[in-house]
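These notes concern the structure reproduced below.
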Amino acid sequence: MRLDGVLFFPVTPFDAAGELAEAVLARHVADGVAAGAGGVFTACGTGEFNALDPGEYGRAVAAAVTAAGGRVPVLGGAGGTLPAARAIAREAAARGADGLLLMPPYLVNAPAAGLVRYVRDVAAAAELPVIIYQRGNARFTPEAVAELAQVPNIIGFKDGLGDFDLLQRIILRVREAGHRDFTFFNGLPTAEFTMPAYRGLGVTLYSSAVFAFAPEIAIAFHKAFTAGDEVLVRRLLTGFYLPLVELRDLVPGYAVSLVKAGVRLRGLEVGGVRAPLVDPTAEHVERLERIVAAGLEIAGT
């Protein structure tokens with residue numbers, strides 16, 4: 001499985017009663033694929049993986065797979081306790097997913113050797129390509145990633161830590177071991193904002209939460225970034241991404257709830273977020289609307 005272009009992380013819609021809205025999710029995914037997404041990562045962090053029960057998870061993955069229609073790969077989130085993560089991996093495979101984004105284990109901090117065991121065990125539960133997700137409580141060593149890269153269905157590494165010294169060591173060790181096709185991408189919140197730094201390490205793929213609510217801006221950024229249009233990249237970073245990041249950082253969890261609010265602002269009723277996240281205040285939604293308008297103007301749409 002090859003990933004390219006803008007990686008789309010859809011939100012998970014809920015109806016007025018708080019139940020999973022599969023038809024809305026299908027439309028959200030179909031619209032994203034039509035807008036140019038290079039891959040769909042459903043029921044992951046932006047999709048509130050942590051708040052879905054197993055039945056909802058399976059239905060969300062199935063809806064995304066159907067909506068994508070084989071045009072781009074669809075990956076499902078996985079994580080949590082080891083038994084749950086293995087069960088989720090099997091469910092994703094049964095629902096037609098093309099791969100998994102394996103998020104950190106629940107709550108615990110573990111040494112690299114324990115993380116290796118965890119990833120190996122989940123990867124063995126279903127014959128799906130697996131991308132490792134490095135976050136604060138799942139910090140991998142270069143040796144651990146190089147070891148996991150030897151497992152045939154472990155194909156990539158998403159960095160959500162932002163430790164560039166560590167990431168450079170990981171990349172060098174994996175490449176030194178001969179794993180040229182192993183994929184690395186930027187998984188920090190609002191990843192476009194840090195892409196100039198990641199590009200210095202040779203990492204050009206990134207997850208785009210912005211694509212979920214403003215695909216025009218995300219595509220404009222991606223085109224400018226890949227074409228080396230530093231002027232437009234700087235204008236978008238300054239006029240759109242910087243104020244968005246500043247708003248995101250005001251309240252914990254806004255990296256998800258602002259995205260969902262943005263989808264609602266653009267005309268798709270996806271409901272609010274589930275606890276423990278909180279929806280943005282009216283003042284913050286108005287501020288988000290101004291930021292999006294400025295971004296669309298810069299993007300020329």
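Every residue two or more places apart in sequence or in another chain that forms a side chain to side chain donor-acceptor pair (under 3.5 Å) with Arg95 is listed here: Glu91.
By the rule that hydrophobic residues join a cluster once side-chain heavy atoms approach within less than 4.5 Å of another member, Leu244 and Leu277 end up as members of separate clusters. Transitive grouping of hydrophobic side chains (ILVMFWY, heavy atoms separated by less than 4.5 Å) brings Val130 and Leu115 into a common cluster. Phe213 and Leu247 fall within the same hydrophobic cluster, defined by Ile, Leu, Val, Met, Phe, Trp and Tyr side-chain heavy atoms under 4.5 Å apart, directly or through other members. A continuous path of Ile, Leu, Val, Met, Phe, Trp and Tyr side chains, each step under 4.5 Å between heavy atoms, connects Leu250 with Val285, placing both in one hydrophobic cluster. Residues Phe49 and Leu20 fall into different hydrophobic clusters, defined by Ile, Leu, Val, Met, Phe, Trp and Tyr side chains chained together at heavy-atom separations under 4.5 Å.
Remark: the backbone N or O of Arg86 is not paired with any side-chain donor or acceptor of Asp121 at under 3.5 angstrom. Side chain of Arg71 to backbone of Ala34: no donor-acceptor contact under 3.5 angstrom is found. Remark: the backbone N or O of Gly271 is paired with a side-chain donor or acceptor of Glu269 at under 3.5 angstrom. Counting only distance, with no hydrogens or angles, the side chain of Lys260 and the backbone of Thr12 share a donor-acceptor pair below 3.5 Å. The closest donor-acceptor contact from the side chain of Arg248 to the backbone of Pro189 lies under 3.5 Å. With Asp279 contributing its side chain and Val273 its backbone, the two residues share a donor-acceptor pair below 3.5 Å. The backbone N or O of Leu75 sits nowhere less than 3.5 Å from a side-chain atom of Asp98 that would complete a donor-acceptor pair. Side-chain atoms of Glu192 do not come within 3.5 Å of backbone N or O of Ala218 as any donor-acceptor pair. No donor-acceptor pair under 3.5 Å is formed between the side chain of Tyr57 and the backbone N or O of Ala78. At least one donor-acceptor pair under 3.5 Å links the side chain of Thr194 to the backbone N or O of Ala191.
Proximity of Val72 to Leu3: side-chain heavy atoms (C-beta onward) are nowhere separated by under 4.5 Å. Phe193 places a side-chain heavy atom less than 4.5 Å from the side chain of Leu242. Side chains of Arg175 and Arg180 form a contact here, defined as non-hydrogen atoms less than 4.5 Å apart. The closest side-chain heavy-atom distance from Ile291 to Arg287 is below 4.5 Å. Annotation: side chain of Phe41 is in contact with side chain of Ile131 (closest heavy-atom distance under 4.5 Å). Counting heavy atoms from C-beta on, the side chains of Val74 and Thr42 come closer than 4.5 Å. Taking the side chain as every heavy atom from C-beta outward, Leu167 and Asp163 never approach each other to under 4.5 Å. Proximity of Ile171 to Leu201: side-chain heavy atoms (C-beta onward) are separated by under 4.5 Å at one or more points.
In this structure, Val11 and Leu25 approach most closely via the heavy-atom pair O-CD1, 3.5 Å. For Tyr254 against Pro280, the heavy-atom pair with the smallest separation is OH-CA, 3.1 Å. The minimum heavy-atom distance between Leu236 and Ala299, with the atom names listed, is CD2-N, 4.3 Å. When every heavy atom of Ala93 is checked against every heavy atom of Ala126, the shortest pair comes out as CB-CB, 4.0 Å. What you find for Arg266 and Ala214 is that their closest heavy atoms are NH1-CA, 3.5 Å. Across all non-hydrogen atoms, the minimal contact from Val270 to Arg264 is CG2-CG, 3.7 Å.
Taking the six-membered ring where tryptophan is involved, the planes of Phe182 and Phe184 are perpendicular, since the angle between them exceeds 60° and thus also 30°.
No salt bridge links Lys223 with Asp229; every basic N to acidic carboxylate O contact stays at or beyond 4.0 Å.
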Trace of the salt bridge (Lys or Arg N to Asp or Glu O under 4.0 Å) decision for Glu176 with Arg173: CA-CA 5 Å; Glu176 181 185 38; Arg173 186 58 56 87; 3.4 Å; yes

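Within 6.0 Å of the CD atom in Glu297, the count of heavy atoms belonging to other residues, nucleotides or ligands does not exceed 12. Heavy-atom neighbours of Arg199 CZ from other residues, nucleotides or ligands within 6.0 Å: above the threshold of 12. Summarising the local packing, CZ of Arg169 is surrounded by 12 or fewer heavy atoms from other residues, nucleotides or ligands at distances under 6.0 Å. For Asp4, the CG atom counts as loosely surrounded, since its 6.0 Å shell holds 12 or fewer non-hydrogen atoms of other residues, nucleotides or ligands.
If you take CG on Asn186 and CG on Leu161, they are separated by 11.5 Å, rounding to the nearest 0.5 Å. Here Ile298 contributes atom CD1 and Glu216 contributes atom CD; the two are 13.5 Å apart, rounded to the nearest 0.5 Å. To the nearest 0.5 Å, the span separating NZ on Lys158 from CG on Leu188 amounts to 9.5 Å.
Aromatic pair Phe211/Phe9: ring centres not closer than 6.0 Å. A centroid separation of 6.0 Å or more is found between the aromatic rings of Phe221 and Phe240.
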